[in-house]
Amino acid sequence: MANNNATEAKGFYKLSWAQRIGFGSGDLAQNLIFQTVACYLMLYLTTVLKISPAFVSGLILGVRLLDCIWSPVVGRYIDNHNPKLGKYRSYLLYGGIPLTIAACCLMLPQAATWSPTMKIVYATVSYTLLSMIYSVVNIPYGSIMASMTRDNDEVLKLTSTRMVCANIGQIVVQAGFPIGLAMVLSQTIDWNQALFMAIGTIPAFVILPSLPALKKVFGKKGLYYVLLSVGLVGFIALYIIGKFLDVAECNVIVQIAKIMTGVGLLVGSLMWALVPEVITESEYRTGNRPAATVNALAGVAFKAGFSVAGFITPLVMGWVGFNFAEEKSSLPTDPTAWFTVTALFAVIGFALLMFCFKGCQERIATTPEKPVSFGEMFAEFKANRCLQLMICIFIVVFLASFISAPVNAYYTKLADYSATAKEAILWFTTIIPAALLIVVAYLIYKYPLTDEKLDQMNKEIEERNK
């Protein structure tokens, strides 16, 4: 017992399942909002408000470019301040209230009756505000993990718990949104479509709880390679079925292939485990532990992948002749139904954020000895090769995850579209994500931090802090 207490005194805290689940509930909360935006905002703007895909493409890119400036500002502010309710957890409360309001205002039913100009103004303002407020919650939330323990095994358990919760949010939104729309409108539910949208999330509930055991068998990088290989096979199978066979007649095989793609894209969830590693490496070199700053840069990379996907998808689909406003919609277009489902997710998300606020305990001091300047942030990025590689991995893996998200709803109905439209749908749901997974595998190969190196760094850091 004495040895355990001595180890914990050095920052290697063992966490209870209540603490892990409490922390993970924050990611579930945020995903109820984020997945709504990632999977359905583009469809809402193009099919419900009937805004041109070119403008929607530019809006998504513009907001994310703004966020690339805004996120480091938020990260720097958080690193340099200590609110009374907790250095990081305070923002779950302070940011959670306006985030819920902004999410409820994202799809106001009245907007469908406004003029084209007013729709554009409304879409721009509502999406920009939501994105900025989301960063105020998301960046400090990600930093909480680095303040709870230094123990790599505990960090892995925290990450797996967090990602299970995140994937619960993902499956609830991806399957629940079309189901919710149908229920609000008293329409027949298209279960094949809802299943296809969400079934790729299923592997998370098997693989993530098994991460410690799988890591022992394959090693950290080996595990990534296995998951990426399974995903690549799944994307190839979906392409062959969509190109040469009838999707409706091959429904069982289609769903199995979609599960396999989910295995590959699950690497995106595991990438968050790299963030505490990069924070530790930075502390080892500099003496400071800029958790929020590194999380802000990781968040920028994550959103960069999302924004490039959001920019490319509607723009290129429009170029090849796929008119979202005029083609048969994959989902109902009643604006009141869209608002109802979105607001419900937002309110549930706020309740979960409050549960996370209650359940997280910050134990490791992470405030820099002196305020972090933007120049120092840039210098850290230049000096930290691990950070550079992590950011590249984030961009590519989340580009692979989100480039197909809005188009997945069309895959099960390929027979309803022209040859040109089918080809566009197949490129975005199969070919491009598969190519990006290969790039991710190469970047992971170049990543230098091993568990042995991290353990040694952490021990040396604790010796310095005695």
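Computed from a predicted structure; not experimentally measured.
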task = Please report the shortest heavy-atom distance between Ser126 and Leu106, naming the atom on each side.
result = OG-CD1, 4.0 Å

key: Option from Val48, Leu181, Thr47 for which side chain to side chain contact (heavy atoms under 4.5 Å, CB included) with Pro332 holds   = Leu181

query = Shortest non-hydrogen contact from Ala123 to Ile51?
reply = CB-CD1, 4.0 Å

query = Under the 6.0 Å and 45° cation-pi test, does Arg464 pair with Tyr284?
reply = yes

query = Quick one: are Ile432 and Ile312 in side-chain contact, heavy atoms under 4.5 Å?
reply = no

ask   = What do you reckon, is OH of Tyr442 surrounded by more than 12 foreign heavy atoms closer than 6.0 Å?
value = no

Contacts of type ring-ring contact (aromatic ring centres under 6.0 Å, His included), residue Phe345, not counting sequence neighbours = none

message = For a 4.5 angstrom cut-off between non-hydrogen side-chain atoms, does Lys220 reach Glu277?
response = yes

inquiry  = Any non-hydrogen side-chain atom of Lys14 less than 4.5 Å from a side-chain atom of Lys157?
reply    = no

key: Asn31/Val173 under side chain to side chain contact (heavy atoms under 4.5 Å, CB included): CA gap, chis, key distance, verdict   = CA-CA 8 Å; Asn31 264 278; Val173 173; over 6 Å; no

query = Any sub-3.5 Å donor-acceptor pair from Ser131's side-chain atoms to Tyr127's backbone N or O?
reply = no

message = So Ser135 and Ser71, do their side chains get closer than 4.5 Å, heavy atoms only?
response = yes

key: Phe196 and Tyr411 aromatic ring geometry - parallel, tilted or perpendicular at 30°/60° bounds   = parallel

ask   = Are the side chains of Val407 and Thr313 in touch, meaning some heavy atoms are under 4.5 Å apart?
value = yes

key: Heavy-atom donor-acceptor pair, Asp67 side chain to Val63 backbone, under 3.5 Å   = no

task = Determine yes or no for a side-chain-to-main-chain donor-acceptor pair under 3.5 angstrom, with Arg89 supplying the side chain and Ile144 the backbone.
result = no

inquiry  = Donor-acceptor check, side chain of Lys87 to backbone of Ile78, threshold 3.5 angstrom: yes or no?
reply    = yes

Heavy atoms from other residues, nucleotides or ligands near OH of Tyr94 exceed 12 (cutoff 6.0 Å) = yes

task = Take Asp334 and Val184, measure what side chain to side chain contact (heavy atoms under 4.5 Å, CB included) needs, and give me the verdict at the end.
result = CA-CA 10 Å; Asp334 181 86; Val184 171; 5.7 Å; no

inquiry  = Are the side chains of Tyr224 and Val440 in contact, using a 4.5 Å heavy-atom criterion?
reply    = no

task = Assign the ring pair Phe398 / Phe402 to parallel, tilted or perpendicular, where the plane angle (0 to 90°) is split at 30° and 60°.
result = parallel

key: Pairwise side-chain contact, Leu265 with Phe235, heavy-atom cut-off 4.5 Å (strictly under)   = yes

request  = Answer yes if the side chains of Gln456 and Glu460 hold a donor-acceptor pair under 3.5 Å, and no otherwise.
outcome  = yes

task = Could you tell me whether Lys446 atom NZ has more than 12 heavy atoms of other residues or ligands within 6.0 Å of it?
result = no

ask   = Counting distance only, does the side-chain N/O of Ser52 pair as donor-acceptor with the main-chain N or O of Phe55 below 3.5 Å?
value = yes

key: Whether Ser282 side chain and Val278 backbone form a donor-acceptor pair below 3.5 Å   = no

key: Test item: Gln193 side-chain N/O and Ala409 main-chain N/O as donor-acceptor pair under 3.5 Å   = yes

query = Which heavy atom in Ser25 sits nearest to a heavy atom in Cys165, and how many Å separate them?
reply = N-SG, 4.0 Å

query = Ignoring hydrogens and geometry, is there a side-chain-to-backbone donor-acceptor pair from Tyr141 to Gln30 under 3.5 Å?
reply = no

inquiry  = Counting C-beta onward and ignoring hydrogens, is there a side-chain heavy-atom pair between Met197 and Tyr40 closer than 4.5 Å?
reply    = yes

query = When you measure from the side chain of Trp338 to the backbone N and O of Leu41, does any donor-acceptor pair fall under 3.5 Å?
reply = no

Main-chain N/O of Gly96 paired with Tyr91 side-chain donor or acceptor, under 3.5 Å = no

